[in-house]
Amino acid sequence: MKEDIAVTAESVVKSFGHGAAAVRALDTVSAAIRKGEFFTLLGPSGCGKTTLLRLIAGFETPTSGRILLGADDVTDLPPNRRPVNTVFQSYALFPHLTVRENVGFALKMLGRPASQISARTAEMLALVKLEELADRATAQLSGGQQQRVALARALAPQPKVLLLDEPLSALDLKLRKEMQVELKRLQQETGITFVFVTHDQEEALTMSDRIGVMSNGKLQQVASPREIYTAPVNRFVADFIGETNFLPVTLVKEGARLGSGEIVAAEGKGGVLTIRPEQVNVVRADKAGAIGARVENLIYFGTDMHVHMRLGDGAALVARMPLPPGGDGGLAPGDAVGVTFAKGAARLIEE
Amino acid sequence: MAKPGFTVAHLPGFATIAVGVFVCLYLPIITLVVYSFNGGSSIAVWQEFSFRWYSVAWGNEAVKDATVRSLVIALSASAIATVLATFAALGTTRRAPYRGQTFIYVMINQPLMVPEIVTAVALLIIFASIKVATGYHGLGYLIAAHSAFCIPFAYLPIRARLEGMDTVMETAAADLYASAWQTFRYVTLPLLAPGIAAGAMLAFVISLDDVVITEFVKSGGQDTLPTYMLGQLRRAVTPEVNAISSALLALTVALLTAFFLLTRKRD
Ligand SMILES: Nc1ncnc2c1ncn2[C@@H]1O[C@H](COP(=O)(O)OP(=O)(O)OP(=O)(O)O)[C@@H](O)[C@H]1O
Ligand SMILES: [Mg+2]
């Protein structure tokens, strides 16, 4: 299995500053990114995503721990000797060079023959559909075009790993959606391992093969988008990805006991039960096995409706359901209702 | 149109003062240039329009000699100062902050702070002993002295440019397999070029203009244009001095214009 790994981080710690003022940007991060996968680092601002990327690129050295590319320890290798390229958030295109010269820059630095450089550059420009703009100055390009140049420039030397630090955050929504598709296509066509940074969970869920969720310098969970969504390991991951309900429970033989006394089946372990709003069914109050609840509020979202409820012990619970045609499903604030959870959807997690 | 809350144009007397300052700045220069075309021998009484004093200056061997010397010194000194200033600017902006950085800035800018006459006397004394010891009396002393006091003038614009340049460009170059030298050669240097040109030009003009240090350091027969003119003023003053000054002015304006046009195109 080891040969399938493109990037390994081994107990990586990165601190900035000294003494009391020191900031621990990365706290014992270990991860293995597979060859050819679209791997996304997801987390809120300041959680250390950029720092981890810069360590892989070689712009920073870890305070402790190791970085491996394939089987090679590159912890102390300078960036120009790592087979890794970066697409910078600000693009960082060279303003004194044309589009073509930007794309050919890495090959020129590697001392490749001119014929090879021009062939590869043309191939890259075709890949990102920028042939017509090859001789423009980069300052004359739109944001989306600059983005493509940055991609072509980073892909030209055929790196083992491509690092992308929030490359889409400067684009407007429409262009962003286009580039998401484009990036995915480029990744599949080139087969290069992509390590992509974003704080947009939807972007992460739609594009990635696997996601690493970070918070506070720690890698909380690494899993497929589906698993991250359906089986978050802790409260942070569950809360950060999509909407969810948290209910305090105590473990008993039959399952988990809610504060209001009912016992529900739940997988996983921990003292908190989590259930996605769309997995909560609102039923008649007298239905067998239903948990008693009272409707507090109804909120409409076009085709969907959110039902805000309180359980017997006052815990809040939200259900999301498709809006019944032409109505409110016969619900009104103050109604006593019953609640059931979709089979296997309730999970126990750590605080 | 939005009404600006405050503009200096509303201050009473502001326009008058501004006009007054411009008159004071430019009237002497205009007078100088006008009288350089005076056909008579007086620098104060206008007679007729003529190029007489330009041709006198052109035919004057001493003027030619001083001009060539001035240009040789200014070109060499500004070249040396610019190279050193570029390294100094890189050393003070392109590395992690270190202890004593402020002290280094002060050291580099020493010629801006120490009175010129003090440096001149100091150089006179040290060069005098070197001259005795080595027997060398050439232009080297002047070039060395000019290089030294030109360094801060070259340093300041280069450093300003480097500080304004985002280091992400150099990071990107390193990411794209450029070695430290390649990064400097293909990214830092081309992006820095306008700053280097500005520094070199400033150093050139400062060197061309210098009187005090040159007067103290020069050996016999090593007059530059400014020291030659100063010598002339002590004797008979003719509009020849106006003609030479006007030519010097034209050269400076031409340099400035060329630089302005060049940098405007680049950015
Ligand atoms: N060069 C530095 N010096 C000091 N502290 C730093 C440095 N770089 C990062 N940090 C700190 O490390 C932490 C992580 O920063 P990082 O840039 O990795 O966050 P991020 O996840 O990329 O955030 P964002 O989404 O805002 O880009 C932050 O607290 C930041 O202030
Ligand atoms: Mg970041």
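Here is how names work: the chains are called A, B, and so on, in the same order as the sequence lines, proteins then strands, and each is numbered from 1.
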If the cut-off is 3.5 angstrom, what donor-acceptor pairs do you find between chain B and chain A?
| from | atom 1 | to | atom 2 | distance (Å) |
| --- | --- | --- | --- | --- |
| B:A174 | O | A:N80 | N | 3.2 |
| B:D175 | O | A:N85 | ND2 | 2.9 |
| B:D175 | OD1 | A:T86 | OG1 | 3.1 |
| B:D175 | OD2 | A:T86 | N | 2.6 |
| B:D175 | OD2 | A:T86 | OG1 | 3.4 |
| B:Y177 | OH | A:N85 | OD1 | 3.4 |
| B:Q182 | NE2 | A:M109 | O | 3.2 |
| B:Y186 | O | A:H96 | NE2 | 2.8 |

Heavy-atom side-chain contact between A:L155 and A:M124 under 4.5 Å: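 Sidechains of A:M124 and A:L155: in contact.
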Just verifying a value: how many Å separate B:I143 CD1 and B:S207 OG, rounded to the nearest 0.5 Å?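 Output value for this atom pair is 9.0 Å.
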To the nearest 0.5 Å, tell me how far B:L156 CG sits from B:I108 CD1.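 Answer for the CG-CD1 pair, B:L156 versus B:I108, is 9.5 Å.
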Locate the shortest heavy-atom distance separating B:M169 from A:A92; write the atom from each residue and the value.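 Closest approach of B:M169 to A:A92: SD-O, 3.9 Å.
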Could you tell me which non-hydrogen atom of A:V87 sits nearest to which non-hydrogen atom of A:P167, and how far apart they are?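 In terms of heavy atoms, the two residues are closest at CG1-CB, 4.1 Å.
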Ring centers of A:F39, A:F196 separated by less than 6.0 Å: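 Not under 6.0 Å, so no.
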Under 6.0 Å between the ring centres of A:F105 and A:F94?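 A:F105 vs A:F94: aromatic centres under 6.0 Å.
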Suppose a student defines contact as a heavy atom less than 4.5 Å from any heavy atom of chain A. Which residues in residues 71-82 of chain B would they list?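 No residue falls under the 4.5 Å cut-off.
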Between the side chains of B:Y155 and B:T92, is a donor N or O closer than 3.5 angstrom to an acceptor N or O?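 Per modelled atom types, B:Y155 and B:T92 side chains form a pair under 3.5 Å.
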What part of A:L93 gets within 4.5 angstrom of chain B, counting heavy atoms only: side chain, backbone, both, or neither?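 Backbone only.
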Check whether more than 12 heavy atoms from other residues, nucleotides or ligands sit under 6.0 Å from atom OH of B:Y105, and answer yes or no.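 Check passes, neighbour count above 12.
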More than 12 heavy atoms of other residues, nucleotides or ligands under 6.0 Å from CE of B:M113: yes or no?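 Yes.
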